[in-house]
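First up is the structure itself, then whatever we jot down about it.
Just so you know, these numbers come straight off a predicted model, no measurement behind them.
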Amino acid sequence: MFRVIERFISIDGEGPTSGELAAFIRFEGCNLRCTWCDTKYSWDGSCAYEEQSAEEIYQYIKESGARNVTLTGGEPLLQKDILLLLDLLSADTELRIHIETNGAMDIGKYKERYHGANIYYILDYKLPGSGMQMTMKEANFKHIEQEDVYKFVIASEEDLQETWRIVSEHELTKKCQVFLSPVVESIEPKRIVEFMIDHKWHDVRLQVQVHKVIWPKDMRGV
C-alpha cells in the first residue's frame, strides 16, 4: 500500500513535458527539509494521506486518459513498495513516467531494473540555499541519461555560482537535460538569464513553475 497525499490531473508545471497534461500522484513523506520547500504538507503531518494499492493508482491513471504521469512528493522513492508500482507502470508502453526525486536517493538500482523502459528521472540538486546540499548523492551523475533532468533550484547568487560549478565540473549537459528553476521570492528570474548570457550558457534551460502563474502559488491539486 502507498501513502498518497493527493492525486489529480493538471498541466505539468515544470520539466520536459511542461504545459502538457499529466496525472500527478503525490506521496507522503520526505527525508529532507529544504528551507524553501513548497510542499511541506506532504511531510509535516498537516495533511492526511490515503492508503492506495498499486492497482488503484494505475486504474486512476488509466481512467484519466493521461499519457504523462508524474510521481512526486515528498520523496516517492521512499515508498517501501515503489517497485510494485513501477513494475506495473513500466509494463504500459502508452505511459511516460517521470519520477521527481530529491537528489538524496541513489537511483542506480532503478536505472538498472528499468533500463530502456518508459521511466525517466527529474533529479534535484540541492544548493546551499536549501540547507540540504550535504545530502546529495553525486553517484547519480553516473546513472543519468539524456532523457533525464537535473533541476537546480536557485535561491541566491551563491546558488547560481554553485550551479555553474557543479554543471561544468561534472559535464552534466553532455549527460542529461539541465534546468534552472528560480525561487522567485529570493532571486529574480532575469538575474539567471543575465548569468546565462554572461557565461554563454546555451545548453541549459531556465524554467518557471507554470502552474504558479496560472493559479495561486499555494493552491493544491493543480
Side-chain angles (χ1 to χ4, degrees), residues 1-32 37-105 107 109-124 147-149 151 177 179 181 207 209-222:
M1 301 298 286
F2 298 87
R3 296 182 173 186
V4 177
I5 288 285
E6 57 184 352
R7 60 185 194 181
F8 56 91
I9 307 298
S10 185
I11 62 161
D12 206 337
E14 53 189 335
T17 53
S18 177
E20 298 181 21
L21 286 177
F24 290 81
I25 311 297
R26 186 180 305 283
F27 297 100
E28 185 270 343
C30 189
N31 54 333
L32 301 186
C37 180
D38 58 0
T39 54
K40 291 181 180 178
Y41 61 89
S42 68
W43 52 259
D44 67 4
S46 64
C47 183
Y49 61 83
E50 179 182 350
E51 290 195 345
Q52 298 179 9
S53 67
E55 290 75 15
E56 288 172 323
I57 293 171
Y58 179 67
Q59 182 179 6
Y60 170 78
I61 293 167
K62 296 303 287 184
E63 288 177 352
S64 77
R67 295 191 297 270
N68 297 317
V69 179
T70 298
L71 306 181
T72 188
E75 172 50 60
L77 296 181
L78 285 178
Q79 299 291 310
K80 66 181 182 66
D81 292 326
I82 194 65
L83 292 178
L84 295 178
L85 178 60
L86 295 181
D87 285 350
L88 189 58
L89 296 179
S90 66
D92 189 336
T93 57
E94 293 182 349
L95 300 177
R96 180 182 179 88
I97 315 302
H98 281 125
I99 301 176
E100 292 188 340
T101 181
N102 62 24
M105 308 291 291
I107 66 168
K109 67 178 181 180
Y110 304 101
K111 273 293 188 180
E112 182 176 357
R113 185 181 182 97
Y114 302 108
H115 181 71
N118 56 343
I119 295 177
Y120 310 97
Y121 300 81
I122 301 176
L123 296 102
D124 277 7
E147 291 202 58
D148 299 320
V149 170
K151 180 178 71 174
Q177 303 170 69
F179 288 9
S181 184
Q207 65 169 11
Q209 294 176 303
V210 178
H211 54 292
K212 292 185 179 180
V213 176
I214 300 172
W215 295 283
K217 65 177 184 177
D218 295 325
M219 189 170 179
R220 291 174 48 191
V222 295

Are [X] and [Y] side-chain neighbours, meaning at least one heavy-atom pair lies under 4.5 Å?
X    : Y    : answer
K111 : D148 : yes
I99  : I119 : yes
T70  : T17  : no
P16  : Y120 : no
T72  : T39  : no

Residues passing the ring-ring contact (aromatic ring centres under 6.0 Å, His included) test with Y41, sequence neighbours excluded, are none

About how many Å separate [atom2] of [Y] and [atom1] of [X], when rounded to the nearest 0.5 Å?
X   : Y    : atom1 : atom2 : value
I97 : I61  : CD1   : CD1   : 6.0 Å
S10 : H211 : OG    : NE2   : 8.0 Å
L85 : I82  : CG    : CD1   : 5.0 Å
L84 : L89  : CG    : CG    : 11.0 Å
I5  : S42  : CD1   : OG    : 6.5 Å
L86 : L71  : CG    : CG    : 6.5 Å

Non-neighbouring partners of [X] that pass salt bridge (Lys or Arg N to Asp or Glu O under 4.0 Å), sequence neighbours left out:
X    : answer
E94  : K62
E56  : none
R113 : D87
R96  : E147

In short, salt bridge (Lys or Arg N to Asp or Glu O under 4.0 Å) pairs touching residues 1-14 with sequence neighbours left out are R3-E28, E6-R26, E6-R220, E14-K151

List the residues meeting side-chain contact (heavy atoms from CB on, under 4.5 Å) with [X], not counting sequence neighbours, and say none if there are none.
X    : result
A117 : S90, Y114
E50  : Q52
L78  : N31, E75, M105
E51  : M1, Y49

Are the side chain of N68 and the backbone of L21 linked by a donor-acceptor contact shorter than 3.5 Å?
yes

Apply side-chain contact (heavy atoms from CB on, under 4.5 Å) to the pair I25 and F2, showing each step before the final yes or no. CA-CA 10 Å; I25 311 297; F2 298 87; over 6 Å; no

Nearest heavy-atom neighbours spanning [X] and [Y]:
X   : Y    : value
G73 : P76  : N-CD, 4.1 Å
Y60 : F8   : OH-CA, 3.1 Å
I9  : S64  : CD1-CB, 3.4 Å
C30 : G74  : CB-CA, 3.9 Å
W43 : C37  : NE1-SG, 3.5 Å
S18 : V210 : OG-CG2, 3.7 Å

Pairing residues for Q79 by the side-chain hydrogen bond (donor to acceptor under 3.5 Å, both in side chains) criterion, not counting sequence neighbours: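 Once residues adjacent in sequence are excluded, Q79 has no partner under the side-chain hydrogen bond (donor to acceptor under 3.5 Å, both in side chains) criterion.
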
Practice item. Just jot down the side-chain hydrogen bond (donor to acceptor under 3.5 Å, both in side chains) partners of Y58, sequence neighbours excluded, or say none. Key: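 Y58 satisfies side-chain hydrogen bond (donor to acceptor under 3.5 Å, both in side chains) with D92 only.
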
inquiry  = Test side-chain contact (heavy atoms from CB on, under 4.5 Å) on I214 and I11; report intermediate values, then the result.
reply    = CA-CA 10 Å; I214 300 172; I11 62 161; 3.5 Å; yes

